[in-house]
Amino acid sequence: MNEPNIDPKLLKPYDPKETEDRIYKLWEESGFFNPDVCIEKGITDKDAETFSMVLPPPNVTGTLHIGHASMLTIEDIMVRFARMQGKRTLWLPGTDHAAIATQSKVEKILEKEEGKRKTDLGREEFLKRVNKFAQESHDTIINQSKKMGASLDWSREAFTLDDKRNFAVRTAFKKMYDDGLIYRGHRIVNWDPKGQTVISDDEIVYEERKAKFYTFKYGKDFPISISTTRLETKVGDVAVAVNPTDERYKEFVGKTYIIEDFCGVKLEIKVVADNAVEKEFGTGALGVTPAHSQIDAEIAIRHNLPTKQVINEFAKMTVEDERILNKKTTEVRTIIAEWLKNEGLLEKEEEVDQNVSTAERTGGIIEPLPKLQWFINVNKPIKDRNDKTLKELMLDAVRSKGINIIPDRFEKIYFNWIENLRDWCISRQIWYGHRIPVWYKGEEIYCGIEAPKEEGWIQDEDTLDTWFSSGLWTFSTLGWPDLNAPDFKTYHPTSMLETAHDIIFFWVARMILMSTYILGVVPFKTVYLQGVVRDAQGRKMSKSLGNAMDPLEVSGKYGTDAVRMSLIIGTGPGNDTKMSEDKIRAYKNYANKLWNITRFILSSTEKIKFDENFSNYSEKDIELKKERYELIVEITKEMEEHKFYLVGDKIYQYTWSRFADIILEESKEIFNNGTKEEIISRKQFLLETLNILLKVLHPFMPFVTEEIWSLVPEDNKKLLMVEKWPQ
RNA sequence: GCGCGAUUAGCUCAGUUGGUAGAGCAACUCAUUUACACUGAGAAGGUCGGGGGUUCAAGUCCCUCAUCGCGCACCA
């Protein structure tokens, strides 16, 4: 068969490798990722409804993984759909400095490659290294995002630690400080001995381990036995607390006992009654260590007990006994256990399951320590916000449906988190990050957006929790604190926030906090939460398991469109995605199927172009048009409901099982034996259907559809990415 | 301990307000140069996790149990 009228490219199978970079370049050069350009060129109406969304900024800690690919795909589908609907569409890219994560990564590299510590370099030199690493990661990430086909407006790219965002951070900090929401307090915090910094409650991950649960007495003459897994802290005990209703111990309450020698340490133990103690747990008596336990510290405050610190920042003991001093806590635990055994004080030693608190980023075992740190008060009424607290503002935003969370079961998880929320510790003892905008001079303290002009002020050494700057992201990227910035006025609140459900507290909640407090509005109207990408067996993908799938590698092998489709289909919101190469291969075949459908249609319609005004359709084709119309109505509704997993599958079904297998086959018969009218009608129908399929598929498979679009003869054709969504 | 989710064909998942179970992938049989082998046609595959209940009718609603996953709390 000779096909003189079609592009020779179509005679070979579809080649994503040859196509994708070229198409992405075409999109970039068109400027259509930028909504201003779309307006300028008459693609979008200036007064059109807006659709705005920030890209959850990837951490500059390396490269993108398949989870990022999934995020980019879902968001790109939303954005391309909105753009094709004629909305004024902004998808804003950026990267996150990810303070602790990035710093500890660079520390590791420094240690491995040069055998140096950050202190060997000093703050300034070390930060230079971090910035260099961050820049390299950034470049990789941007490249990878482009490979995935993401239609991000690169002209508006932001970084959580650039000058503009730093200004926003200082402005927000100052406002919170002036409103009394940010305060400095001395209290028990989560100290990470490995990362040498404080972390917030949310940065703790619990690991289940076996532990020994010891029951013992401080001394032969002490009347009450207590139980603990942390024997080493007992040298810091100042009291024993019992439940006020516990008859067993009533007679001892109020008495103080001196233990002259508890493994070389003198203890003064007062017996107190406190409701926090459960009668049924252990012996029903609790050894109170105010310096190294949150609950104990609270009990100590209630009973006016002293605090005695016995562990330092390196998780080493500080008490004056040569058996203990400067040793690791875990070592001392066994030393004390031995001592108790020898003294005949140890009554029981049981094996129990225990949740050990570890630092999310470094894996260090958390050591509760009393420290002076900066906090955000979540329970203080705020004058400008009707005396509501930050907690209440966060609750109201979702309760009032100002923010809609998809799937809605995450609302409960969100509420539950807020109910248990304590003040947010925002200071970190690391170098990489936003420096706290507070200066000291003797007893004086100054908080300001800029440093004080006079001599002698010294800035706080600490930096801010990375999530402080991320919390401002929806508006710090749009020109805030300038309330008249055009982007801020046009695009905030944003329409959608799509992200992985594991950062709902870290990020989603903090954005709601910052936006409702600072601006009095929600940061976004809808939150779409996605699950985790897993392997074919449902295991989490990880480097150590060796089952990690590199998005770029599979894209190179099967084409980006195929990877995108397999990340979407079969995965509802909030659910985990299971990925396998089989699945990707299937959608690679589908891209090629579309290619061949095009070849057939173009070669059998020759030079005919689709005519919008054609009306002489055969009865059979009118029916087919109706069927297709109903499909489009259905999927358009589902697109608006964010049910991309259904839409993708339905288009796939229609194109392959219905359009290719049935309609194209029956067209051959018509072309051979039909009347002139039937033939021309069918040709128009096929061209029109191809046109429509390319449009509805475009958000899912942007590359192959754009490429085919360029091969279909039509007058005054725009890029497919800015064509109108069909009806 | 409290709460959430899942459990449907070998695998991954759909299944709208209750009306006799669907798709993709894999496997199976056939076709062999067709727009397309990155193909087509066909057949096979399920007491919808177990038990109980409501109903004329339950994959769907209610109760209960089990297994898996997740969140929170506890973790003296």
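Numbers restart at 1 for each chain; the letters A, B, ... are given by sequence-line order, proteins then strands. Computation of the quantities below employed the complete heavy-atom set of this structure, encompassing side-chain atoms and omitting hydrogens, waters and symmetry-equivalent molecules.
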task = Nearest whole angstrom, please: distance from the P of B:C11 to the CD1 of A:Ile584.
result = 20 Å
remark   = In whole angstroms, the gap separating P of B:C70 from CD of A:Gln530 amounts to 18 Å
key: Distance in angstrom units between A:Lys583 NZ and B:C11 P, rounded   = 15 Å
message = Under 4.0 Å, heavy atoms only, any strand: does A:Phe410 hit a base, just the sugar-phosphate, or nothing?
response = nothing
query = With rounding to whole Å, what would you report as the distance between B:A66 and B:G49 at their C1' atoms?
reply = 8 Å
ask   = Pick from A:Leu567, A:Val563, A:Asn589: which one makes a side chain to side chain contact (heavy atoms under 4.5 Å, CB included) with A:Ile584?
value = A:Val563
key: B:G50 and B:U7, which share atom name C1', separated by this distance in whole Å   = 11 Å
task = Determine the Euclidean distance between corresponding P atoms of B:U47 and B:G22; express it in Å to zero decimal places.
result = 15 Å
note = Note: for A:Pro13 and A:Gly284 on RNA chain B, the residue whose nearest nucleotide lies more 5' is A:Pro13
ask   = Contact class for A:Asp353 (heavy atom, under 4.0 Å): base, sugar-phosphate, or nothing?
value = nothing
Any-strand Watson-Crick or G-U partner of B:A31, both distances under 3.5 Å = B:U39
query = Which part of the nucleic acid does A:Ile601 contact within heavy-atom distance under 4.0 Å: base, sugar-phosphate only, or nothing?
reply = nothing
task = Report yes if at least one side-chain N or O of A:Trp656 is closer than 4.0 Å to OP1 or OP2 of B:G24; otherwise report no.
result = no
query = Got a donor-acceptor pair under 3.5 Å from the side chain of A:Lys593 to the base of B:C38?
reply = no
query = Are A:Lys583 and A:Tyr558 in a cation-pi setup, meaning NZ or CZ lies under 6.0 angstrom from the ring centre and within 45 degrees of the ring axis?
reply = no
request  = Answer with base, sugar-phosphate or nothing: what part of the nucleic acid does A:Thr229 contact at a heavy-atom distance below 4.0 Å?
outcome  = sugar-phosphate
Selected nucleotide, minimal atom distance to A:Asp582 side chain, candidates B:C36, B:C75, B:A26 = B:A26
task = Using atom CD of A:Glu641 as one end and atom P of B:A14 as the other, report the distance to the nearest whole Å.
result = 15 Å
ask   = Among the nucleotides B:C4, B:A41, B:C25, which one has an atom lying closest to any side-chain atom of A:Asp661?
value = B:A41
request  = Under the side-chain contact (heavy atoms from CB on, under 4.5 Å) rule, what do A:Phe410 and A:Lys412 come out as? Steps first, then yes or no, please.
outcome  = CA-CA 5 Å; A:Phe410 283 99; A:Lys412 279 189 187 168; over 6 Å; no
ask   = Is the side chain of A:Asn355 donor-acceptor paired with the backbone N or O of A:Tyr206 at a distance under 3.5 Å, no angle test?
value = no
query = Has A:Arg399 got its NZ or CZ under 6.0 Å from the middle of the six-membered ring of A:Phe415, at an angle within 45 degrees of the ring axis?
reply = yes
task = For A:Ile662 and B:G40, give me the distance from atom CD1 to atom P, rounded to whole Å.
result = 11 Å
inquiry  = Nearest to the side chain of A:Lys578, heavy atoms from C-beta on, is which of B:A35, B:G71, B:U12?
reply    = B:U12
query = Base, sugar-phosphate, or nothing: which does A:Val356 touch, judged by heavy atoms less than 4.0 Å apart?
reply = nothing
message = Over all strands shown, is A:Tyr590 touching base, sugar-phosphate only, or nothing at heavy-atom distances under 4.0 angstrom?
response = nothing
query = B:G40 and B:C25: how far apart are their P atoms, nearest whole angstrom?
reply = 9 Å
ask   = A:Ile413 near the nucleic acid: base, sugar-phosphate alone, or nothing, with a heavy-atom cut-off under 4.0 Å?
value = sugar-phosphate
query = Using a cut-off of 4.0 Å on non-hydrogen atoms, how would the nucleic acid contact of A:Glu665 be classed: base, sugar-phosphate, or nothing?
reply = base
query = When rounded to the nearest Å, what value does the distance between C1' atoms of B:A21 and B:U8 take?
reply = 8 Å
Assigned partner base of B:A66, Watson-Crick or wobble definition, under 3.5 Å = B:U7
task = Can you tell me the pairing partner of B:G45 across any strand shown, Watson-Crick or G-U wobble, with both distances under 3.5 angstrom?
result = none
request  = Determine the sole option in A:Arg422, A:Arg361, A:Arg510 for which the salt bridge (Lys or Arg N to Asp or Glu O under 4.0 Å) test with A:Asp202 is passed.
outcome  = A:Arg510
task = Round to a whole Å and report the spacing from CG of A:Asn575 to P of B:U12.
result = 13 Å
request  = For nucleotides B:C4 and B:C75, find the distance between their P atoms and express it as a whole number of Å.
outcome  = 24 Å
ask   = Among the nucleotides B:A35, B:C75, B:G15, which one has an atom lying closest to any side-chain atom of A:Lys668?
value = B:A35
ask   = A:Phe671 has an atom CZ; how far is it from atom P of B:A35, in whole Å?
value = 12 Å
ask   = Atom CG of A:Leu646 to atom C1' of B:U12: distance rounded to whole Å?
value = 14 Å
message = Going by purine N1 to pyrimidine N3 plus the second Watson-Crick contact, or the G-U wobble pair, all under 3.5 Å, which nucleotide sits opposite B:U55?
response = none
request  = Classify the nucleic acid contact of A:Ala660 as base, sugar-phosphate or nothing, counting any heavy atom under 4.0 Å across all strands shown.
outcome  = base
message = In whole Å, measure the gap between the C1' atoms of B:C65 and B:G71 for me.
response = 23 Å
query = What nucleotide among B:A35, B:C4, B:A14 has an atom nearest to a side-chain atom of A:Lys412?
reply = B:C4
key: Aromatic ring proximity, centroids under 6.0 angstrom, A:Tyr257 and A:Tyr218   = no
query = Considering only side-chain heavy atoms of A:Asn420, which listed nucleotide, B:A73, B:G24, B:C38, is closest?
reply = B:A73
task = Sticking with atom P, work out how far B:A6 lies from B:U16, rounded to a whole angstrom.
result = 13 Å
key: A:Lys348 atom NZ, neighbour heavy-atom count above 12 within 6.0 Å   = no
ask   = More 5' along RNA chain B: A:Arg409 or A:Thr571, using each one's nearest nucleotide?
value = A:Arg409
message = Using a heavy-atom cut-off of 4.0 Å across all strands, would you classify A:Ile597 as base, sugar-phosphate, or nothing?
response = base
query = Just checking A:Asn355: base, sugar-phosphate only, or nothing, at a heavy-atom cut-off of under 4.0 Å?
reply = base
message = Counting only heavy atoms not in A:Lys637 (residues, nucleotides, ligands), do more than 12 fall under 6.0 Å from its NZ?
response = no
Who pairs with B:C72 - Watson-Crick or G-U, where each distance is under 3.5 Å = B:G1
key: Side chain of A:Gln354 (C-beta onward), nearest among B:U39, B:A35, B:C75   = B:C75
query = What nucleotide among B:G5, B:C38, B:A35 has an atom nearest to a side-chain atom of A:Arg599?
reply = B:A35
